[in-house]
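The sequence lines fix the lettering, A, B, ..., with proteins before strands; numbering per chain opens at 1.
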Number of protein chains: 2
Amino acid sequence: MAADPVSDALSDALSGLIRELGEGARLPPERELAERLGVSRTALRDRLRLLEGFGVLSRRQGSGTYVQRLAPHGLEFALDLALSASHLSIESLHSVRVALERQAAREAARKGDPVAIAHVGKALADMEAAATADDIDRADFAFHQALLHATGNAALTFFADAMTGVLFRAVRQRRDRLKNHPRDKEVSVAAHRPLYEALLARDEDAAGRASDDHFRAWHDLFTEPRMERP
Amino acid sequence: MAADPVSDALSDALSGLIRELGEGARLPPERELAERLGVSRTALRDRLRLLEGFGVLSRRQGSGTYVQRLAPHGLEFALDLALSASHLSIESLHSVRVALERQAAREAARKGDPVAIAHVGKALADMEAAATADDIDRADFAFHQALLHATGNAALTFFADAMTGVLFRAVRQRRDRLKNHPRDKEVSVAAHRPLYEALLARDEDAAGRASDDHFRAWHDLFTEPRMERP
DNA sequence: TTCGGTCAAGTGGTACGACCAATCTGCCTG
DNA sequence: CAGGCAGATTGGTCGTACCACTTGACCGAA
């Protein structure tokens, strides 16, 4: 029965400290904090490193250690590693992404503030004005990013942010390898517009359906390399 | 432009090593590995600690450091901390949970293997036979756990596992405080049975709807303390 | 032979102390 | 007042020593 490698007395003490201090607050210097907690600087730094990795602490040499809002970079790194080590498949990750995006579409339609929804429209306009495949990719990325942040849902954006970069890189890599799928602008715009219109109409169910349709098309294109129709 | 606190040359070297060695493999001893990578044991341990926190490494004193399948404990810890530090709300976390569970329901209905689905049925039967509120809770927990694992989707179970414990604790705590919501057995069973039947029928859409209904009821009960009906 | 304990080597965990590198502060200079 | 320079502060790395736990080999008794 091994002890939890991530939760012990020292970690709990630090967790409590983080809870007390607010977001953005600075922790005492390591040397001082170590003495106060009755532990060596080595052991303290070990736990601080963990919390930094989780994205709840930010350390800057010469400055100090600060409490920050939960950041997704650590999770993103872990997912990337797990993906490349074959502990996770692109398909399973994508499945999670689809689920989150549908939820985001529904919440954005229900309670998204107009300004944030306008950003979604802006991304769609950029997509229509895109000149290169890279431009389309960027607009596509911005569209989904704007949709997620329109929900104002911190957990949703946290998870989605962690996955977005990983999937984006993995998909582009696979697409380059297959040489197909040339990112037709009209197709891309057509795939995103219904969702945006559902947001404007504040129609939660329509937004959910549009999201499902969007990813269904994406999935079909991705898994069926052939371009012709019977 | 601060350097990424989670990805540097040393971390990348370790990532590569983890990719090469398979799951379950043992890494070289820290002293040896540090020398081979031309770095002190301190710096090496710093990065190993990160990877252990992310759940891709497991270290056992006296034994060694091993590559393991991505484990959710670190993420769970981070979510728990973010929740108690008010960087994340229960509602937003629950929203993610709902999205994942619906996706799981659909995938389990589509491709879940019969044995795994039988485990879902077993949990439902346990719920019907439950004698205490705790028994109901346990069966409830097992039901959703079985559903998730029936998908065979690693990413889905990873995220869901990380959230389950956090939400379970948070909800029970809130429920205890409110003193309402006495966990009626008939209600619980009725809330879960349609989903199980959709799985048996391999009806993906029905499973998705049943999941939505389940959590809608859950949400209503949770946010509306009053028990009477108009 | 088989079981049990003992012991030594190996491995991760912690502790100090020293120094390096980036940052911040405040004083000084122009 | 503006700019820069120097010292103090703070996180990052290093090396060494020692502790705690695991493992496996060895030995002796049943």
Side-chain angles (χ1 to χ4, degrees), chain A residues 1-15 17-18 21-69 71 73-74 77, chain B residues 1-15 17-18 21-69 71 73-74 77:
Chain A
M1 214 57 75
D4 194 329
V6 60
S7 181
D8 56 13
L10 183 48
S11 287
D12 291 347
L14 284 176
S15 299
L17 187 58
I18 290 175
L21 306 172
E23 180 179 334
R26 189 179 121 177
L27 269 66
E30 296 181 351
R31 292 160 175 86
E32 178 188 331
L33 188 54
E35 187 180 16
R36 192 202 299 181
L37 297 178
V39 75
S40 78
R41 200 182 153 207
T42 307
L44 173 64
R45 280 182 55 79
D46 182 76
R47 309 309 195 284
L48 288 178
R49 182 51 158 156
L50 201 58
L51 295 170
E52 185 189 18
F54 291 153
V56 296
L57 285 184
S58 161
R59 298 197 284 180
R60 291 205 309 272
Q61 184 174 173
S63 176
T65 301
Y66 303 83
V67 180
Q68 70 173 11
R69 191 178 207 78
H73 305 102
F77 179 82
Chain B
M1 213 57 73
D4 193 329
V6 63
S7 180
D8 56 13
L10 184 48
S11 287
D12 292 346
L14 285 176
S15 299
L17 188 58
I18 290 175
L21 306 171
E23 181 180 333
R26 187 178 123 177
L27 269 65
E30 296 182 351
R31 292 160 176 86
E32 178 189 331
L33 189 52
E35 188 180 16
R36 192 202 299 182
L37 298 177
V39 75
S40 77
R41 200 182 152 206
T42 308
L44 172 64
R45 280 184 54 80
D46 183 76
R47 309 310 195 285
L48 288 178
R49 183 52 158 152
L50 255 191
L51 296 170
E52 184 188 19
F54 292 154
V56 296
L57 286 184
S58 161
R59 298 198 285 181
R60 292 206 307 273
Q61 184 174 174
S63 177
T65 302
Y66 302 83
V67 180
Q68 69 173 11
R69 193 180 206 76
H73 305 102
F77 179 82

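Side chains of A:Leu14 and A:Leu57 form no contact here, defined as non-hydrogen atoms less than 4.5 Å apart. Between A:Leu17 and A:Leu37 there is no side-chain heavy-atom pair separated by less than 4.5 Å.
Using a 4.0 Å cutoff on non-hydrogen atoms, the parts of residues 25-37 of chain A near DNA chain D are A:Arg26, A:Pro29, A:Glu30, A:Arg31, ordered by number. Across residues 39-48 of chain A, A:Val39, A:Ser40, A:Arg41, A:Thr42, A:Ala43, A:Arg47 each have a non-hydrogen atom less than 4.0 Å from an atom of DNA chain C (numbered order).
Summarising the geometry of A:Arg49 relative to B:Asp46, their closest heavy-atom pair is NE-OD2, 2.8 Å, with the distance given to 0.1 Å. When all heavy atoms are compared, the tightest approach of A:Val6 to B:His73 is CG1-O, 4.5 Å.
Taking A:Asp12 as the reference, nothing meets the salt bridge (Lys or Arg N to Asp or Glu O under 4.0 Å) condition, with sequence neighbours excluded. Remark: A:Arg69 engages A:Glu23 in a side chain to side chain donor-acceptor pair (under 3.5 Å) (not counting sequence neighbours). With sequence neighbours left out, the side chain to side chain donor-acceptor pair (under 3.5 Å) criterion links A:Arg59 to A:Glu30, A:Glu52. Legend: residues meeting side chain to side chain donor-acceptor pair (under 3.5 Å) with A:Gln68, ordered by chain and number and at least two apart, are absent. Applying the salt bridge (Lys or Arg N to Asp or Glu O under 4.0 Å) test to A:Arg36 and every residue at least two apart in sequence or in another chain returns A:Glu32. Partners of B:Ser58 under the side chain to side chain donor-acceptor pair (under 3.5 Å) rule, at least two apart in sequence or in another chain, do not exist in this structure.
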Polar pairs (N or O, both sides) under 3.5 Å between protein and nucleotides 23-25 of chain C?
none

Any N/O pairs under 3.5 Å between the protein and nucleotides 3-7 of chain D? List them or say none.
none

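Sorted by first and then second residue, the ring pair (Phe, Tyr, Trp, His ring centres under 6.0 Å) pairs involving residues 23-47 of chain A (not counting sequence neighbours) form an empty list. Sorted by first and then second residue, the pairs that involve residues 38-65 of chain A and meet ring pair (Phe, Tyr, Trp, His ring centres under 6.0 Å), not counting sequence neighbours, are A:Phe54-B:Phe77.
Dashed line: the shortest gap from a side-chain N or O of A:Arg59 to OP1 or OP2 of D:dT10 is not under 4.0 Å.
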